[in-house]
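For reference, the structure I am asking about is given below.
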Number of protein chains: 2
Amino acid sequence: MKNLVKVERARLDMTQAELAKELGVSRQTIHAIEKDKFNPSVTLALKMGRLFNLPVEELFIIDED
Amino acid sequence: MKNLVKVERARLDMTQAELAKELGVSRQTIHAIEKDKFNPSVTLALKMGRLFNLPVEELFIIDED
DNA sequence: TAAAAATGTAAAGTTTTATTTACTTTTATA
DNA sequence: TATAAAAGTAAATAAAACTTTACATTTTTA
C-alpha cells in the first residue's frame, strides 16, 4: 500500500502536527502512515479524503492483490 | 459509522463465509463489520469497495463529525 | 418438519494500529 | 550561522482489529 498523504499535506501547506490535530490523531500516526508503517482505519482514511478533497481510492492505493 | 456491507453482500448473493474467504478474512470479521462492531482497515474497505463496485465513501458512512 | 446451512454471539488470544514520550536529524528562518 | 520549527526514529504502552473456537439461534431447503 502506498498513499498520497505527504503530497496532499504539502498541497495544503500543513505540518504533520497540524494535520494530526485536524484529524484527531497523534503526529506519530501521521508520520507512520506517510512512511507506510501501517494501514489506517477506514474512518481515518475517510476523514483524510474529505480534508484533501480526494476519494479514498485515490489517496490510498493497494499495490496489487 | 454505518455501512452497506450486508446489503451489498445480499446483492451478490454471498454468504458471510464466502465473502470472508474472497476477502481473505475470517467470517467473524465480516459479521463484526456488518454489526458495526468495528472499524475495518482501509485496505479491507478498499477490497470491499472493489468487489461491490462501490466507492469506499458510499460503502462506509461516518455518522457526523 | 427434520436436517442443513447461515447467521448471531461470546470469549480468549494474537497482531497491528495508535498514543505518549523523548531524543536526533533535517529544513527553514531570523 | 545560530535558532527554531519540522520531520525522522524508537521504545514502551494502550487500544482496537482480527483470528480461532465453540456453540446457540434463525433461516433455508430437502
Item to complete: Take M14(B) and S41(B), find for each the nucleotide of DNA chain C with the closest heavy atom, and name the residue whose nucleotide sits nearer the 5' end.
Response: M14(B)
Worksheet entry | Donor-acceptor contact present, side-chain R9(A) to main-chain M14(A), <3.5 Å |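 Checked: pair present.
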Discussion item. Which nucleotide wins on minimum distance to the side chain of T29(A), given the candidates dT19(C), dT7(C), dC18(D)?
Written reply: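 In terms of side-chain proximity for T29(A), the closest of dT19(C), dT7(C), dC18(D) is dT19(C).
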Worksheet item: Between atom CD in Q16(B) and atom P in dT25(D), what is the gap in whole Å?
Response: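 From Q16(B) CD to dT25(D) P: 18 Å.
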Fill in: Given dA18(C), dT9(C), dC18(D), the nucleotide with the shortest approach to the side chain of K35(B)
dT9(C)
Worksheet entry | Lys/Arg N to Asp/Glu carboxylate O, E18(B) vs K21(B), below 4.0 Å | no
Fill in: E57(A) (side chain) donor-acceptor with L46(B) (main chain) under 3.5 angstrom
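The answer is no, because no donor-acceptor pair under 3.5 Å joins these two groups.
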Discussion item. Expressed as a whole number of angstroms, how long is the span from E34(B):CD to dT9(C):C1'?
Written reply: 14 Å
Item to complete: Please check if any side-chain donor atom of Q16(B) sits under 3.5 Å from a side-chain acceptor atom of E34(B), or the reverse.
Response: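 E34(B) and Q16(B) do have a side-chain donor-acceptor pair below 3.5 Å.
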Worksheet item: Nearest-Å distance, CD (Q28(A)) to P (dC23(C))?
Response: 14 Å
Discussion item. Using a 4.0 Å heavy-atom cut-off, does S26(A) contact any base of the nucleic acid, only the sugar-phosphate backbone, or nothing at all?
Written reply: base
Discussion item. Rounded to whole Å, how long is the line connecting atom CG of D36(B) with atom C1' of dA17(D)?
Written reply: 14 Å
Fill in: Euclidean distance, atom NZ of residue K37(B) to atom P of dA16(D) [Å, nearest integer]
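In whole Å, dA16(D) P lies 15 Å from K37(B) NZ.
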Discussion item. Among dA18(C), dT7(C), dC23(C), which nucleotide has an atom closest to any side-chain atom of R27(A)?
Written reply: dC23(C)
Item to complete: Provide, to the nearest angstrom, the distance between the CG atom belonging to L23(A) and the P atom belonging to dT19(C).
Response: 10 Å
Worksheet, complete the sentence: When rounded to whole Å, the CG to P distance for the pair N39(B) and dC18(D) reads 9 Å
Practice prompt. Mind calculating the distance between NE2 (H31(B)) and C1' (dC23(D)) to the nearest angstrom?
Written response: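 Distance, rounded to whole Å: 14 Å.
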